[in-house]
Amino acid sequence: MKHLTDTSSLGYDDIESLLERATFYIPLVESSEQDAITIRSKGRVALCFFEPSTRTRVSFETACMALGYQYVLFQTNASSIEKGETDLDTLYTLRAMGYRTLIIRHAENGFIGKACSIPDTSIVNAGEGTRAHPTQALLDASALRERTGDISGLKICIVGDIRHSRVARSQRDVFTRMGADLSWCAPDNFAPTEPEWLDMHRYEGIDEALKHTNVLSMLRIQNERLGPYMDLDLPAYRTAYALTAERAVRNSKVIVLHPGPVNYGVEIDHEVMDMPGCLIRRQVTHGVAIRIALLSALGPR
Ligand code: CP
């Protein structure tokens, strides 16, 4: 494996292998003895975050430390981008400093593809526009498989702002290939537009989805990408699509995923965090394990 641009660039066996590796690293991530997760190897990584992040950035940093890699964190603010340097030129600059593994978060669809043209460099997509967030879907699969034993046959419904979600697109690819029965639930202005979603069952509201599925993958309303939808009728949205406290009580057995960050009181209520099937915190732990697994599979450069 040279790059990780999206999950479709992984074969089924690659996905299985990464999930197996992540399973191996979970106890190390949970260990209170920090030295236990240091696997000394030589590697240099540049984390290139052109968009804000907490989970993805910190878990890649933690993965680098776990592997004994040296890393730098590049963030747009206070950089020469403020003086007009382009984002792509920034990557070439980091490459010229000797960094051959570039982990990139960027708001523009297609930017990761442009980065792959930098010679002799491994590119890892840490979330790109609305197109793909491969490590998120892999960590979701890892957390879900830990809870259920097998993703094949699970009835999973993706709920919320699918149109603006990179996570939904990567989940669709990974969960479908792992044999899940995938469906979706969103209002028209958040509905996906790509043809591959048309073959999937669409639930008209979350109550219908809760009747017929085992797992809900809840999505944040992507306020930063909404544009013309800023006049969203929030109370109406919550009535039809939110996992409210009352729904959480009535459906205590459902498994809940959410990539974070969560907008409490919008797509889910705080009470959801207490549901036995809520995997939201567990997903974060798997995020570290899957990123250690990925970087170790790519190998030090
Ligand atoms: N899920 C996710 O990508 O979160 P961050 O934006 O905090 O990295």
Side-chain angles (χ1 to χ4, degrees), residues 4-7 18-19 22 29 45-66 71-77 87 102-109 111-112 115 123-147 156 158-175 190 215-226 243 255-264 266-268 272-273 278-295:
L4 179 64
T5 56
D6 49 38
T7 51
L18 285 169
L19 296 187
V29 174
V45 170
L47 303 172
C48 313
F49 278 71
F50 298 91
E51 219 195 36
S53 166
T54 297
R55 278 150 285 270
T56 312
R57 175 176 58 77
V58 176
S59 60
F60 268 119
E61 288 186 82
T62 308
C64 288
M65 289 190 283
Y71 72 90
V72 290
L73 171 62
F74 170 86
Q75 292 176 291
T76 309
N77 57 321
D87 296 358
L102 305 180
I103 297 171
I104 303 169
R105 165 158 301 189
H106 203 280
E108 178 191 318
N109 289 345
F111 186 76
I112 295 290
I123 300 297
V124 175
N125 180 353
E128 179 197 31
T130 58
R131 202 183 69 78
H133 195 348
T135 56
Q136 179 68 46
L138 292 168
L139 76 87
D140 297 336
S142 184
L144 190 53
R145 197 163 78 157
E146 177 187 60
R147 175 58 64 97
I156 305 175
I158 303 180
V159 183
D161 182 6
I162 297 168
R163 184 173 300 178
H164 306 101
S165 171
R166 52 190 168 220
V167 175
R169 289 178 176 79
S170 293
Q171 283 186 341
R172 191 196 61 76
D173 180 54
V174 169
F175 289 161
F190 291 159
V215 181
L216 296 184
S217 175
M218 302 299 299
L219 296 175
R220 179 173 69 89
I221 296 179
Q222 315 277 309
N223 289 304
E224 68 277 24
R225 302 190 191 122
L226 288 194
L243 190 50
I255 293 174
V256 180
L257 299 170
H258 190 304
V262 173
N263 288 326
Y264 293 107
V266 182
E267 68 272 9
I268 69 172
V272 171
M273 302 305 280
C278 179
L279 297 186
I280 296 173
R281 301 276 187 244
R282 196 67 189 153
Q283 286 170 269
V284 177
T285 302
H286 279 257
V288 179
I290 214 75
R291 283 153 186 145
I292 298 173
L294 173 66
L295 292 184

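For ligands, and for the atoms within them, numbers begin at 1 and follow the listed sequence.
A salt bridge links Arg131 with Asp6; the closest basic N to acidic carboxylate O contact falls under 4.0 Å. A salt bridge does not link Glu128 to Arg166: none of the charged side-chain nitrogens sits closer than 4.0 Å to a carboxylate oxygen.
Listed by number with element, the atoms of ligand 1 under 4.0 Å from a non-hydrogen atom of Thr54 are 5 (P), 7 (O), 8 (O).
A cation-pi contact, defined as under 6.0 Å to the ring centre and within 45° of the axis, links Arg291 to Phe60.
Between Phe74 and Phe50, the distance separating the two ring centers is shorter than 6.0 angstrom.
Where the criterion is an N or O separation shorter than 3.5 Å, residue side chain and backbone included, Gly260 meets it with respect to ligand 1.
Ranking the protein heavy atoms by distance from atom 6 (O) of ligand 1 puts Arg105 NH1, 2.8 Å first. Taking atom 4 (O) of ligand 1 as the reference point, the nearest protein heavy-atom neighbour is Arg55 NE, 3.1 Å.
By the 4.0 Å heavy-atom criterion, His133 is counted among the residues contacting ligand 1.
Between the side chains of His286 and Glu146, a donor-acceptor pair is found at a separation under 3.5 Å.
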